S.K.: 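Could you have a look at this structure, given as structure tokens, before my questions?
Note that ligands are numbered from 1 as they come in the structure, with each ligand's atoms numbered from 1 the same way. From a predicted model like this one, the values you see are computed outputs, not experimental measurements.
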Amino acid sequence: MNRLDPHSYFDADQPRISRLRLAWNVHFDRRQLEGTVILELAAPSSGTLDLDTKGLTIRSVRTSRGTDIPFRLEDEEPILGRRLRLDLPSGTREVAIDYETAPEAVALQWLDPAQTEGKRHPYLFSQCQPIHARTMVPSQDSPRVRMSYRAELTVPEALAAVMSAGPAGVRPGGKPGTRTWLFEMPQPIPAYLLALAVGDLKSRDLSPRSRVWAELDTVGAAAWEFGEIETMITRAEGLFGPYEWDRYDMLVLPPSFPYGGMENPRMTFLTPTLLAGDRSLVDVVAHELAHSWTGNLVTNATMDHFWLNEGFTVWAERRILEALHGVDAAALGWAIGQKALEKEFERFGADSAVTKLRADLKGTDPDDVYSSIPYEKGARLVVVLERAAGRPRFDKFLRDYMGRFRFTSITTEEFRDFLEKSLPGVAKQVGLDAWLYDTGMPANAPVFHSMALEDLVSLASGWAMGTRPGPSQIAGWKPSEMLIYLQNLPREVDRASCDWLDRNLSLTGRGNYEILVEWLTIAAGSDYEPVFPRVREVLGRVGRMKYLRPLYTALGKHPRTRAHAHEIFDAAKEGYHSLSRRVAETVMEKYPR
Ligand code: BES
Ligand code: ZN
């Protein structure tokens, strides 16, 4: 036995899946995917094959000749799910599994028409990272295993389907009133990058290799917001080398999408809260795009090495930002990240094991420890390495790293060894092991300076003394500057202060959700009643976890707002994604009625 991933039954001594052939019927009425997956094995095999499943009903398991393969679905383990153990006859090349998903599959959110923009058709989307692919398909759900795939999705004929794959046509479905959408993903990807969405979707072309999908009412705004995508792709290629995935398409999801973005290959998934109307939140797109290299080409071997995915990607995101808008703009990005990092250290404690880059998550649900730490601490480690090596050498190192590990999944230790070989001495110089294996922030953490930043921080720190920004100053702020100003204000202020802020900065009506939620967090935490309708509206509609946590936490502080929080949560929870519901629930547990 050779189990290398604490979150999977994948056993490296067993046969490996190299390709999936999926055929799914999408049943909105019973909220189930039902159909067949054919697992193609890397080589003819025999004996035990363990697969990850969670909530799946297995109807049959057969060889390509149609002979039954003996199988056993073991008891449910709370985090991992149920191991599906097959006993393959000798010479098995393919395994066909007939099965269906559970209506409560964590990877899938099924939306009623009322939860969509068009209000006429239902909607379905998936979110498989970190370990939810097993609720959608039986497979080796460890990022150590890469699979290419093809898929046939049969859906109601009024709807369109997209996947993390190349589109390969549409044909009439087997049953009247249905159509089958075909997809082909030639590059091997880990199971967590499997993705699908089905809804009343429209698309707009943005460049020869990029288009954006969304519901009709949103697609125009989305096309404008992300209209500069081709420049971003070109910048990213300048950093990392050619874009390897053919197309870069994007899908703007309904507001219940629990993340800001998800780097599903060829089809980045995005929250509609990015549609600020001024392109001010496209750093999230830069981030998901950068994952096309850091994450999707070179992948973390397990969630213990998640920082390799996210730390490098945040660093890359800010390099793209720097290339597009200059060093000062990038410094503001780093400052915003610094705030996020400090908040996490407060939440977990600076000596918590969660603050280590190299994690040890055996027995821990990765969703329970998700935080900005692997992102922001990880990105700061990359900066320290970049500064120690010098940018030209570091950029060369990165390209070598991509070249060496492309289409593989690696551990922190493999990264460390490669770094030592390529840039000898740099690891020692920066104290790499302390960065990787110790809690808290090392003393040599990089500092980012910019005039704008320092001015904003000192302006905000004078709040209690009565210092206020003037109208022309406010008018000159970029959205990121407004955000930094708000982030540096006290968490609780009096009513007159709230009045002043809302009147002078026009906050409650903002379309930029970063600014809006920062403001609503201050206002809710200050028991400032005029914002309650807006808080209720946001929490009732938006499921992005990044926003739920601070808002519910702020509402928990005062008895009156706490009562509101429970009321809002009771009304909203049905519409939340199960992951979002869990986050809100965890916060509310700290603030009982
Ligand atoms: N891959 C992540 C999202 C994710 C991580 C989902 C772990 C499930 C488990 C994605 O690339 C991401 O980092 N999204 C961020 C964007 C931000 C850092 C720019 C988000 O959603 O906030
Ligand atoms: Zn990411």
S.K.: What atoms in ligand 1 come closer than 4.0 Å to a heavy atom of Glu263?
M.R.: 1 (N), 2 (C), 10 (C), 11 (O)
S.K.: For the Zn ion (ligand 2), find the closest N/O/S atom belonging to His291 and write down its atom name.
M.R.: NE2
S.K.: Can you tell me which residue and heavy atom of the protein come closest to atom 5 (C) of ligand 1, and the distance to 0.1 Å?
M.R.: Gln129 OE1, 3.2 Å
S.K.: Do the charged groups of Arg347 and Glu344 touch, with an N to O distance under 4.0 Å?
M.R.: yes
S.K.: Check each atom of ligand 1 against the heavy atoms of Gln127 and keep those under 4.0 Å away; list them by number with element.
M.R.: 6 (C), 8 (C)
S.K.: Any idea which atoms of ligand 1 are less than 4.0 Å away from a heavy-atom of Gly260?
M.R.: 20 (C), 21 (O), 22 (O)
S.K.: Can you tell me the N, O or S atom of His287 that's nearest the Zn ion (ligand 2)?
M.R.: NE2
S.K.: Is the distance between the ring centroids of Phe312 and Tyr401 less than 6.0 Å?
M.R.: yes
S.K.: Can the ring centres of Phe418 and Phe405 be said to be less than 6.0 Å apart?
M.R.: yes
S.K.: Taking distance alone, with N or O pairs closer than 3.5 Å, would you say Gly261 contacts ligand 1?
M.R.: yes
S.K.: Measuring from the heavy atoms of Met545, does anything fall under 4.0 Å of ligand 1?
M.R.: no
S.K.: Assess His291 for proximity to ligand 1: is some non-hydrogen atom of it under 4.0 Å away?
M.R.: yes
S.K.: Should Trp245 and Phe407 be marked as a ring-ring contact (aromatic ring centres under 6.0 Å, His included) after you check the CA-CA gap, both sets of side-chain angles, and the distance that decides it?
M.R.: CA-CA 12 Å; Trp245 306 87; Phe407 293 111; 5.6 Å; yes
S.K.: For Tyr259, which of Tyr370, Tyr547, Phe269 qualifies under ring pair (Phe, Tyr, Trp, His ring centres under 6.0 Å)?
M.R.: Tyr370
S.K.: Looking at Arg318, Arg380, Arg319, which one forms a salt bridge (charged side-chain N to carboxylate O under 4.0 Å, His left out) with Glu386?
M.R.: Arg319
S.K.: Where does Glu288 meet ligand 1, judged by heavy-atom distances below 4.0 Å: at the side chain, the backbone, both, or neither?
M.R.: side chain
S.K.: What is the closest protein heavy atom to atom 13 (O) of ligand 1, and at what distance does it sit?
M.R.: Tyr375 OH, 2.7 Å
S.K.: Looking at atom 2 (C) of ligand 1, what's its closest protein heavy atom, distance included?
M.R.: Glu310 OE2, 3.4 Å
S.K.: Is it true that Arg582 and Asp365 have a side-chain N and a carboxylate O under 4.0 angstrom from each other?
M.R.: yes
S.K.: Walk me through it: do Tyr375 and Trp315 pass the test ring-ring contact (aromatic ring centres under 6.0 Å, His included)?
M.R.: CA-CA 9 Å; Tyr375 291 77; Trp315 173 85; over 10 Å; no
S.K.: Does Glu230 come within less than 4.0 Å of Arg209, counting only side-chain N to carboxylate O?
M.R.: yes
S.K.: Distance-only, no hydrogens or angles: does the Gln187 side chain make a donor-acceptor pair with backbone N or O of Glu244 under 3.5 Å?
M.R.: yes
S.K.: Under a heavy-atom criterion of less than 4.0 Å, does Phe306 contact ligand 1?
M.R.: yes
S.K.: Output the list of atoms in ligand 1 that are nearer than 4.0 Å to some heavy atom of Tyr370, sorted by atom number.
M.R.: 5 (C), 7 (C)
S.K.: For atom 17 (C) of ligand 1, state which one of His287, Lys546, Met303 supplies the nearest heavy atom.
M.R.: His287
S.K.: Between Glu310 and the Zn ion (ligand 2), is there a contact where an N/O/S atom of the residue lies under 2.8 Å from the metal?
M.R.: yes
